[in-house]
Structure formats: structure tokens, C-alpha cells
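The figures here come from the full heavy-atom set of this structure, side chains too, leaving out hydrogens, waters and symmetry mates. Small disclaimer: the values here were computed from a predicted structure and weren't measured.
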Amino acid sequence: MIDWFESSVPIDGVAARIIAQGMRVVASADGHLHPRELALIASFEADVPEGDIGDGILGDNAELRQVYIRSLVMLALADGRISEVERQAIAELCVRQGIDPLEVDVEIVAVKRRFLSVFRGVSVFRDSVVRVARELGLPEDEVAALDGDA
């Protein structure tokens, strides 16, 4: 599996439009379009060429499917948490792409871990980092490890 955060994954125009469409579905799932969600979508779409999405299916490229899931999760986390309706929207979008629900769960945790990795080695707001980890729903052993890093 690639580290999408560190590696470049080629995304053509059709795939980019499919990802953007999924992001819009997740953003509107809870009935509230958060400004950070809208900003993320606008930033992503700024480089997406116009066109259609064909059948709307990404295909079997594992790296591209991982980008899809992580993009949806990052969008959902833009307001600080993934609501249950956002999680359901992500699950439904991924089922349409033929992505296993267990893979979605794994990627949700990967994105949450990546968000917190930015704070690795930070000791000044450690209590806040631990609180965020708990709010993200990371396992308690990972939260404890963060607390022990101080």
C-alpha cells in the first residue's frame, strides 16, 4: 500500500471529477456546508478540468481508490469530526465504487492518524493533542501513547 500523503498518485480529469463529486456529497450529507469543507472542495476543483464523469466508476486502481476514500474522509474531518451521516455517505459512495467497507474503516483511521502525526514531538499543547485524538475516536492505546510522548 502506498503512503498517499507522501507519494504522487496520477489522477486524470475523469477521476478528479468523480472525487470532487464525492466530496460534494459528503459535504452536504449532514445538511450543513461548513466553510472549511467548501474551501477544501474549491481548492481541489481549481485544478480539475471540465467534463463529464462517464459511468462514475474509478475502476480497479488500488492507489486511486485509496485517494478517493482519503479525500472523502479528509473532507468530512474538515469541521473537526466525521458525523454519522457523513460516515454513511462515505460508505455508500465507496460501495458504489466496489470498495470493501473494511477498507473504508482502515482508511478512516489512517487519515485520523496522519492528522495527529503532525503533532509528534510537540510537548506544549500535549493535553489538547490528546483531547483531539480522543475526539477523533482513535483507540485508547494510541491516545495513551500520545500522552506518553510528552
Contacts of Arg36 that satisfy side-chain contact (heavy atoms from CB on, under 4.5 Å) - sequence neighbours left out:
His34, Ala78
Excluding sequence neighbours, so at least two apart, what forms side-chain contact (heavy atoms from CB on, under 4.5 Å) with Leu38?
Leu33
Shortest non-hydrogen contact from Leu93 to Tyr68?
CB-OH, 3.4 Å
Heavy-atom side-chain proximity of Val106 to Leu102 below 4.5 angstrom:
no
Residues which pass side-chain contact (heavy atoms from CB on, under 4.5 Å) with Arg87, listed by chain and number, not counting sequence neighbours
Ile82, Glu84, Asp105, Ile108, Lys112
Measure across Ala89 and Ala29 and return the closest heavy-atom pair with its distance rounded to 0.1 Å.
CB-CB, 3.8 Å
Test side-chain hydrogen bond (donor to acceptor under 3.5 Å, both in side chains) applied to Glu92 - qualifying residues, sequence neighbours left out
Gln88
Applying side-chain hydrogen bond (donor to acceptor under 3.5 Å, both in side chains), can you list everything that pairs with Ser28, at least two apart in sequence or on another chain?
none
Polar side-chain atom of Arg70 near backbone of Gln66 as donor-acceptor pair, under 3.5 Å:
no
Find the distance between CD1 (Ile69) and CD1 (Ile99) and round it off to the nearest 0.5 Å.
4.0 Å
Quick check on the hydrophobic clustering: are Met74 and Val9 connected, directly or via other members, by side-chain heavy-atom contacts under 4.5 Å?
yes
Residues which pass side-chain hydrogen bond (donor to acceptor under 3.5 Å, both in side chains) with Glu37, listed by chain and number, not counting sequence neighbours:
none
Measure from the side-chain N and O atoms of Glu86 to the backbone N and O of Ser83, and report whether any donor-acceptor pair falls under 3.5 Å.
yes
Contact list for residues 47-58, test salt bridge (charged side-chain N to carboxylate O under 4.0 Å, His left out), sequence neighbours left out:
none
With sequence neighbours excluded, tell me which residues meet salt bridge (charged side-chain N to carboxylate O under 4.0 Å, His left out) with Glu45.
Arg24
Which heavy atom of Ala15 sits nearest to which heavy atom of Leu64, and what is that distance?
CB-CD2, 3.7 Å
Could you tell me the separation between the CG atom of Leu72 and the CG atom of Leu77, rounded to the nearest 0.5 Å?
11.0 Å
CG on Leu58 to CD1 on Ile19, rounded to 0.5 Å
6.0 Å
Which heavy atom in Ile90 sits nearest to a heavy atom in Val104, and how many Å separate them?
CG2-CG1, 3.9 Å
Roughly how far, to the nearest 0.5 Å, is CG of Leu40 from CE of Met23?
5.5 Å
Gln97 side chain to Arg65 main-chain N or O, any donor-acceptor pair under 3.5 Å?
no
Taking only residues two or more places apart in sequence, or in another chain, which ones meet Val95 in a side-chain contact (heavy atoms from CB on, under 4.5 Å)?
none
So Val67 and Glu63, side-chain contact (heavy atoms from CB on, under 4.5 Å) or not? Walk me through it.
CA-CA 6 Å; Val67 167; Glu63 294 174 345; 5.7 Å; no
I would like to know whether Leu75 and Phe44 meet side-chain contact (heavy atoms from CB on, under 4.5 Å); could you show each step before the answer?
CA-CA 11 Å; Leu75 187 279; Phe44 181 79; over 6 Å; no
